[in-house]
Chemist: 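Mind looking over this structure? Questions follow.
Note: hydrogens, waters and symmetry copies are ignored here, and every other heavy atom, side chains too, is used. By convention in this document, chain letters (A, B, ...) are assigned in the order of the sequence lines, proteins followed by strands, and residues within each chain are numbered from 1.
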Protein chains: 2
Amino acid sequence: MLSYTEENYLKALLKICSQCEGRAEAGTNEMAAYLGVKPATATDMFKKLKEKSLVSYQRYGKISLTEIGKKNALLILRKHRLWETFLYQKLDFSWDEVHEVAEQLEHIKSEKLVNKLENFLNYPEFDPHGDPIPKANGEMPELSTRSLSELKTGETARVAAVKDTSVLFLQYLKKLGINIGTQITVLETVPFDGSLQIAIDQQEARNVSMKFAENLFVHKP
Amino acid sequence: MLSYTEENYLKALLKICSQCEGRAEAGTNEMAAYLGVKPATATDMFKKLKEKSLVSYQRYGKISLTEIGKKNALLILRKHRLWETFLYQKLDFSWDEVHEVAEQLEHIKSEKLVNKLENFLNYPEFDPHGDPIPKANGEMPELSTRSLSELKTGETARVAAVKDTSVLFLQYLKKLGINIGTQITVLETVPFDGSLQIAIDQQEARNVSMKFAENLFVHKP
DNA sequence: TTAAATTATTAGTATAGACTAAAAATTAAA
DNA sequence: TTTAATTTTTAGTCTATACTAATAATTTAA
Ligand SMILES: [Mn+2]
Ligand SMILES: [Mn+2]
Ligand SMILES: [Mn+2]
Ligand SMILES: [Mn+2]
């Protein structure tokens, strides 16, 4: 049985690994910073997780999830996203409030609970942030999405997900009226700073930074 | 912020205290046995809870909840019973499956969550076991007391007190395993002599006389 | 290719919550 | 009212998860 802390390490590893391009591994400092602990603490945990065959790791090397570790992580992510969907759809939580509570709910141990919950929610495919929900067998549905910054002038797409899930970003999106499914058209690109002029749901134009565009994933028709 | 463990102590104290008649306090052994720890462990926790002004306690004395401790305990019980109701009503858990999962869910920290959940469930008054659900302000709804003989077939209630306090009656109750708080369900009424077929704590059926039923007070939800 | 900077590990310490064994206080019996 | 039994507390230990400070390995720069 995994502890609350062990589960958070696995989930962090999944997150960091899915974000890095070619490599699928993380360094001690990177993990420690992400989890808000000191590197020495992370080192200790790496040893324990290795002992449990959940990660591949050796001193002074990078760490990565084993198959069994990855499956565990995906099942926690599944719970996280199902709970977020529940909070958003059934309890009227707003888009940017669900994450914090889901961080706690994802650690509830009951396979029956998560499967009943999924059924209750009618087998949703995406959470309120547009992220895909792993299946009960630990499989993650594949999504063909790209970041807004990859679109060319004149192209239109629909918001699929966010990369950055910080409150600051989510609140900014809220202010702009951008949700999952919102249509965005690139009106103009500004080579000078990489910023974009966009139309939100065919409304008036708006300039957004390159940083913004890189953190917004879209589905292109 | 209370830890998971501290919360369990408060809840246990509430449970034990509500079951004993005049006194509203518990001994170290009693608490330790209830929580499945050794007495030495309980002693340590008592000191900590006293430090936080959640209990009244001094060495070699009994322990009881302070007002603030009681309110905390009631708010945990509120979460427990609301989650049990959710699992039972919305996720099709059976009566005897809800408790274990609610033991975990009751520790989720979010006032907004519990209040939204209560709203989602339409402000239920009782959990699936027929126990009353404390309100958001920490108040426990008062239960109406009546004699067992006033219950109708199918109704369930909890033993609140006895009318007849004779040794004969009390010994009979003891033999039947009936205490304050024991759950009694009326399975069948016998119009012929006013006797009742009852289930004691969901155990096998038993016939009791009208005289018996008239002398046992129960709380009905 | 040596030196400096970065990154990661060890060693030792702390706290929460558990345990066992021994001692102390209280309560019940003789 | 002594003695015996029971209850409770103390003292010392353990594990999980943190921390700091010191050390070691790796990587980058000169
Ligand atoms: Mn989230
Ligand atoms: Mn999400
Ligand atoms: Mn319960
Ligand atoms: Mn209940």
Chemist: Rounded to the nearest Å, what distance is computed from the OH atom of residue A:Y60 to the C1' atom of nucleotide C:dT7?
Modeler: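 Whole-Å distance recorded here is 9 Å.
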Chemist: If only side-chain N and O atoms of A:N29 are considered, is one of them under 4.0 Å from the OP1 or OP2 phosphate oxygen of C:dA8?
Modeler: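 Answer yes for this pair, as a side-chain N or O of A:N29 is under 4.0 Å from OP1 or OP2.
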Chemist: Test your reading of the model: is there a side-chain donor-acceptor pair from A:S147 to the backbone of A:N215, 3.5 Å cut-off?
Modeler: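 Side chain of A:S147 to backbone of A:N215: no pair is present.
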Chemist: Whether A:T43 contacts C:dT9 is assessed here as follows: a side-chain N or O lying under 4.0 Å from the phosphate OP1 or OP2. Is that the case?
Modeler: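 Affirmative; the distance criterion is met.
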Chemist: Starting at NZ of A:K62 and ending at P of D:dT26, how long is that distance when rounded to a whole Å?
Modeler: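 In whole Å, D:dT26 P lies 13 Å from A:K62 NZ.
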Chemist: Of all of residues 52-59 of chain A, which get a heavy atom below 4.0 angstrom from DNA chain D, listed by number?
Modeler: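 When residues 52-59 of chain A is checked for heavy atoms under 4.0 Å from DNA chain D, the hits, listed by number, are A:R59.
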Chemist: Provide, to the nearest angstrom, the distance between the CD1 atom belonging to A:I63 and the P atom belonging to C:dT7.
Modeler: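 Between P of C:dT7 and CD1 of A:I63: 17 Å.
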Chemist: Do the side chain of B:E6 and the main chain of B:S3 share a donor and acceptor less than 3.5 angstrom apart?
Modeler: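 Checking the backbone N and O of B:S3 against the side chain of B:E6, a donor-acceptor pair under 3.5 Å is found.
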Chemist: Which whole-number value in Å describes the distance from B:F46 CZ to D:dT7 C1'?
Modeler: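 Those two atoms, CZ and C1', are 12 Å apart.
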Chemist: Give the rounded distance in Å between these two atoms: CG of B:D44 and C1' of D:dC14.
Modeler: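 Between C1' of D:dC14 and CG of B:D44: 14 Å.
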Chemist: Could you state the CE-P distance from A:M45 to D:dA18, rounded to the nearest angstrom?
Modeler: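 About 6 Å, once rounded to whole Å.
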Chemist: Which listed nucleotide (C:dC19, D:dT8, D:dT20) is nearest to the side chain of A:A40?
Modeler: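 Nearest to the side chain of A:A40 among the choices is D:dT20.
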Chemist: Would the A:F46 and A:Y57 ring centres measure less than 6.0 Å apart?
Modeler: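 Ring centroids of A:F46 and A:Y57 are less than 6.0 Å from each other.
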Chemist: Distance check needed: D:dA18 P versus A:Y4 OH, whole Å only.
Modeler: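 Interatomic distance, OH of A:Y4 to P of D:dA18: 11 Å.
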Chemist: Any base atoms under 4.0 Å from A:A42, or only sugar-phosphate, or nothing? Heavy atoms, all strands.
Modeler: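 No contact.
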Chemist: For a quick check of understanding: with a heavy-atom distance under 4.0 Å over all strands, which category does A:T41 fall into, base, sugar-phosphate or nothing?
Modeler: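 It contacts base atoms.
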Chemist: Please give, in whole Å, the distance from D:dT8 P to B:K47 NZ?
Modeler: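 Rounded to the whole Å, the gap is 14 Å.
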Chemist: Quick one: list whatever passes side-chain hydrogen bond (donor to acceptor under 3.5 Å, both in side chains) with B:R78, sequence neighbours left out.
Modeler: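 side-chain hydrogen bond (donor to acceptor under 3.5 Å, both in side chains) list for B:R78, sorted by chain: B:N115, B:E118.
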Chemist: Ignoring hydrogens, what is the shortest heavy-atom contact between B:Q104 and B:Y4? Give both atom names and the distance.
Modeler: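 Heavy-atom minimum between the residues: CA-OH, 4.2 Å.
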Chemist: Is the distance between the ring centroids of A:Y34 and A:Y9 less than 6.0 Å?
Modeler: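 No, the ring of A:Y34 stays outside the 6.0 Å limit from the ring of A:Y9, centre to centre.
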Chemist: On DNA chain D, compare the nucleotides closest to B:P39 and A:V37; which residue's is nearer the 5' end?
Modeler: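 Per heavy-atom nearest nucleotide, the more 5' residue is B:P39.
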Chemist: Tell me if the centroids of the rings in A:F169 and A:F212 come within less than 6.0 Å of each other.
Modeler: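 They qualify: ring centres under 6.0 Å apart.
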